[in-house]
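Values below: all heavy atoms of this structure, side chains included; hydrogens, waters and symmetry mates excluded.
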Amino acid sequence: MKPYTHFTKTLSFSSKFQRSIFTKSQNDSTLPSDIVNVTDEFISIFTIRPFSPNNPELINLAPKLTNKVVETVLNNFKSWRVAHAFFIWASNQSGYKHNIYTYNAMASILSRARQNAPLKVLAQDVVNSRCFMSPGALGFLIRCLGSLGLVEEANMLFDQVKMMGLCVPNSYSYNCLLEAISKSGSTDLVEMRLKEMHDHGWGYDKYTLTPVLQVYCNSGEFEKALSTFNEIYNQGWVDEHVFYILVMSFTKWGEVEKACELIERMEDCNVRLNEKTFCMLIHGFVKESRIDKALQLFDKMKKSGFAPDVSIYDVMIGGLCKTREREKALQLYLEMKESGKKPDVGVLSKLLSSCCDEGELTHLLKESWDEMDAQTVTVLCNSVMSVLVNNGSVDKAYNLLQAMIRGETIPNVGVEMLFNFKGKVFPNTSSFSIVIDNLLQDGKLDLALSLFRDMIQIGCKQNVLLYNNLIYSLCNSNRLEESYELLKEMEQSGFEPTHFTHNSIFGCLCMRQDVLGALNLVRKMRAHGHEPWTKHSTLLIKSLCKNGKVVDACKFLSDMVQEGFLPDTISYSAAMNGLLNNQEVDLALELFHNICASGYCPDVVAYNIMIKGLCKAQRIAESEQLLNEMIMKGLIPSCGRPKAALVHFRTMKQEGMKPDIFVYVALLSAFLSDLNPLLAFEILKEMVDEGNFPDPVDKNYVVVRDVISKLSEDTQTALHETLSVWIDVPGFKKHIFSVWIDVPGLKKHILLVSE
DNA sequence: GTAGGGTTAG
């Protein structure tokens, strides 16, 4: 293949695309010897520095410039800068004019070097110099532009050369253009060019429809993507790349089932999955917690002759550790080692973090002890501390950290071998975070604070999260002054407080009913663009009202409006309720009407509050009027219809949404008070199965705990044990609850165990 | 890596 003709050859697209435009020309052994001499001289002059246009040798050589010489010389430079300098120099020589092959040679070099600016200029030069080109050469240049994302330039070039009669684009040129546009995600433009192509009488082929599929996938136009795929499929044009595009999109959209169906279809038409597709799918499935599917694919991948690399092992092992399938994770770990792949620190720390006991920890550490550097040991120490902390041994983790700080050995942790490592193991920020965060959760605030001070001592970098967590805990302990000090220190150290930092303090001020302090902070928050959380404002209003300070509560609400933070219906409801409880019925009504006039739509709860208050004040007529108003507005008296809620809940899950703990707890309590323990149990089981369980500090924890004990006492859910399912709920440390349930056809026994 | 707030019995 001659270097100056290879552009006209039809290039194959898709996976071969990168290779084909970036492949360097063949060597010049096929060129006549005089040309070889000239090119060699140019190359040596331009690579010898400093380059000077006045170089007499160069001036002598200039008349020998031809397009063939320039193209060959360009493809022999190692640096795009030198190539560009030569290209520009050549452009300025009298008697010489670039042709499309020299332009394209330069374009290819610039595109490979990702040099957008000079490539843009080059594309414009091609047009300005009225350079003729074949449809293939146009396609080549378009693809260079497309690979740098210069879609607008590609479109402009295409139209200009067509209009000026420099080229009559054919279907290949159109395919190149479609490929370039598809990267931008502009479906409109793709559809427009497709129509244009059709109007010119050009037919479609695989390389036309592949970018069309790509653009629909990129822009999430599911239906259109599918119909394009079907067209490709029906024409028998499906290849690995087409499947790759669609499978990747399904995976990205979380449609793992559809991706699986597609794989089966793919196998039916004898198209193999390529390595890239395998890797991507495995990542996608693990991300969606579909370890079963990921494992299947992993096996298939190996059977297809692809050797998984460390990153695939890493993601598989990580996924298995997450779903607590330690046996399988360890199996893969061994397989990995046997196949000669060295488990890296990522794999090791995932395995370590999922260890259940310290014996296992030590075993794993011993196995992988050789050739570890200091940083690796620190990361592993951190994993060990995570295990200790998750097992409830914060004290041991604390001791380990202290030993790291002092460079000592501590025999009682069971991981003393860590300290037989070549000397000191330095703790990093994450070492401190693991221990400090857990001390805070355990209420050991002062110990956490002293560790935080140690961090400064040994010069370990602090971070926003640590500051936030400490400030949050101080605020929760009503240690407001210290939290202000920490905030000051945080700002002085160059850390920008987040809305969480400010809201922690705002919460504390609200808890203290410090209205002035709260308003002052709100002003500061406004300057930072931080929104105060309504739960705090509402709490303040409630407590003020409870103490008879209804006027202050209303003043606070209007001050918040002044500061630009409009309270929501919930805060207003709290205030109305407070006014009513303090016999300020008229003020409550006034507030109610005011907020309606300001465009708020009071909800059922707000109406309930007012209706109840008016009834209590013997103002029955007004109360009935409000009730009618409420029904007129279509508001149904309250959300005791858990079965209707369950329908929404099911839809929600089908749509792929993950209900959070509040939704579960709402359903649980509703079914229980609706005397439907069977459904309550079903929801409980689902909740636990999905790893959703409230933290002991969460107020939902108490609700769930009560639900469980009620279920265990209920006669409908009495003991009929045929099948035992053990669910170990993390955080369920101090209580033992047993639940037995007899669901027709599904007999289960759940035992929530303590540690 | 931070929403979860307001009513309702006795």
Any side-chain donor paired with an acceptor under 3.5 Å for A/Lys633 and A/Tyr607?
yes
With a 3.5 Å cut-off and no angle check, do the side chains of A/Thr378 and A/Asn428 form a donor-acceptor pair?
no
Touch class at under 4.0 angstrom, heavy-atom based, for A/Ala606 against every strand present:
base
Can you list the residues that meet the ring pair (Phe, Tyr, Trp, His ring centres under 6.0 Å) rule with A/Phe426, with sequence neighbours excluded?
none
Can you tell me how far P of B/dG6 sits from CD1 of A/Ile611, to the nearest Å?
19 Å
Ignoring the backbone of A/Ser573, work out which of B/dT2, B/dT8, B/dG6 is nearest its side chain.
B/dG6
Assess the side chains of A/Asp568 and A/Ser571: does a donor N or O sit below 3.5 Å from an acceptor N or O?
yes
Looking at every strand, decide which applies to A/Leu465 at a 4.0 Å heavy-atom threshold: base, sugar-phosphate, or nothing.
base
Give A/Asn503 one of three labels, base, sugar-phosphate or nothing, depending on what nucleic acid heavy atoms sit under 4.0 Å from its own.
nothing
Hey, is the side chain of A/Asn577 poking within less than 4.0 Å of OP1 or OP2 on B/dG6, counting only N and O atoms?
no
If you only use heavy atoms from C-beta on, which nucleotide in B/dG5, B/dG6, B/dT2 is closest to the side chain of A/Thr534?
B/dG5
Report yes if at least one side-chain N or O of A/Lys542 is closer than 4.0 Å to OP1 or OP2 of B/dG6; otherwise report no.
yes
For the base of B/dG1, is there a side-chain donor-acceptor partner from A/Asn469 under 3.5 Å away?
yes
Between A/Asn468 and A/Ile609, which is nearer to the 5' end of DNA chain B once each is assigned its nearest nucleotide?
A/Asn468
Rounded to the nearest Å, what distance is computed from the CD1 atom of residue A/Ile541 to the P atom of nucleotide B/dG5?
15 Å
Between A/His530 (NE2) and B/dA3 (P), how many Å, whole number?
14 Å
Is A/Asn608 side chain donor-acceptor paired with the B/dG6 base, going by distance under 3.5 Å alone?
no
